[in-house]
Amino acid sequence: MKKTMTIRYILFGVLFALVIAGLVSHSYPVLIGCVVAAVILGVIGDKIESAPTEPFRKYNEKHHRHHHHTKA
């Protein structure tokens with residue numbers, strides 16, 4: 001997680017800058033393009049952030065399956 005922190009901060013910083021640039025441009029096509037690019041960067045950043053825990057996802061799903069109790 002620490003190794004990718006700089007990359008994640010840069011991606012999320014660029015994401016924020018793209019949205020701000022789109023808003024400042026006062027142009028809907030530019031704003032839409034910036035938002036689409038920001039969403040793509042957000043997805044990439046999320047993949048990078050969750051990659052270290054991905055091998056353990058099956059254990060989380062197995063653990064949370066037993067927590068769906070209903071109270072009578």
Side-chain angles (χ1 to χ4, degrees):
M1 289 278 243
K2 292 263 185 196
K3 293 185 213 176
T4 62
M5 189 179 314
T6 304
I7 295 170
R8 288 183 287 149
Y9 282 140
I10 290 170
L11 281 175
F12 291 127
V14 171
L15 182 152
F16 181 74
L18 279 170
V19 173
I20 295 299
L23 290 172
V24 169
S25 73
H26 297 291
S27 167
Y28 284 118
V30 173
L31 175 61
I32 290 169
C34 287
V35 168
V36 168
V39 168
I40 291 169
L41 287 177
V43 168
I44 292 169
D46 183 57
K47 293 284 186 189
I48 290 171
E49 187 172 11
S50 63
T53 60
E54 194 64 33
F56 305 104
R57 182 178 296 252
K58 62 184 175 188
Y59 301 119
N60 291 338
E61 290 172 3
K62 190 182 294 185
H63 174 73
H64 291 297
R65 181 174 28 153
H66 299 292
H67 289 282
H68 296 295
H69 299 290
T70 56
K71 293 184 179 181

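Values reported hereafter were calculated over all heavy atoms of this structure, with side chains retained and with hydrogens, waters and symmetry mates removed.
Among all heavy-atom pairs drawn from Cys34 and Leu18, the shortest one is CB-O, 3.1 Å. Between Leu41 and Leu11, the shortest heavy-atom distance links the atoms CD2-CD2, 3.5 Å. Shown here for Ser25 and Leu31, the closest heavy-atom pair between the two residues is OG-N, 4.4 Å.
Applying the side-chain contact (heavy atoms from CB on, under 4.5 Å) rule to Phe16 yields the partners Ile20; only residues at least two apart in sequence or on another chain are considered. With sequence neighbours excluded, the residues that form a side-chain contact (heavy atoms from CB on, under 4.5 Å) with Val36 are Ile32, Ile40.
Residues Ile44 and Val19 do not share a hydrophobic cluster, defined by chaining ILVMFWY side chains whose heavy atoms lie under 4.5 Å apart. Both Leu23 and Val35 are part of a single hydrophobic cluster, where members link through side-chain heavy atoms under 4.5 Å apart.
Once rounded to the nearest 0.5 Å, the distance linking CZ of Phe12 with CD1 of Ile48 reads 8.5 Å.
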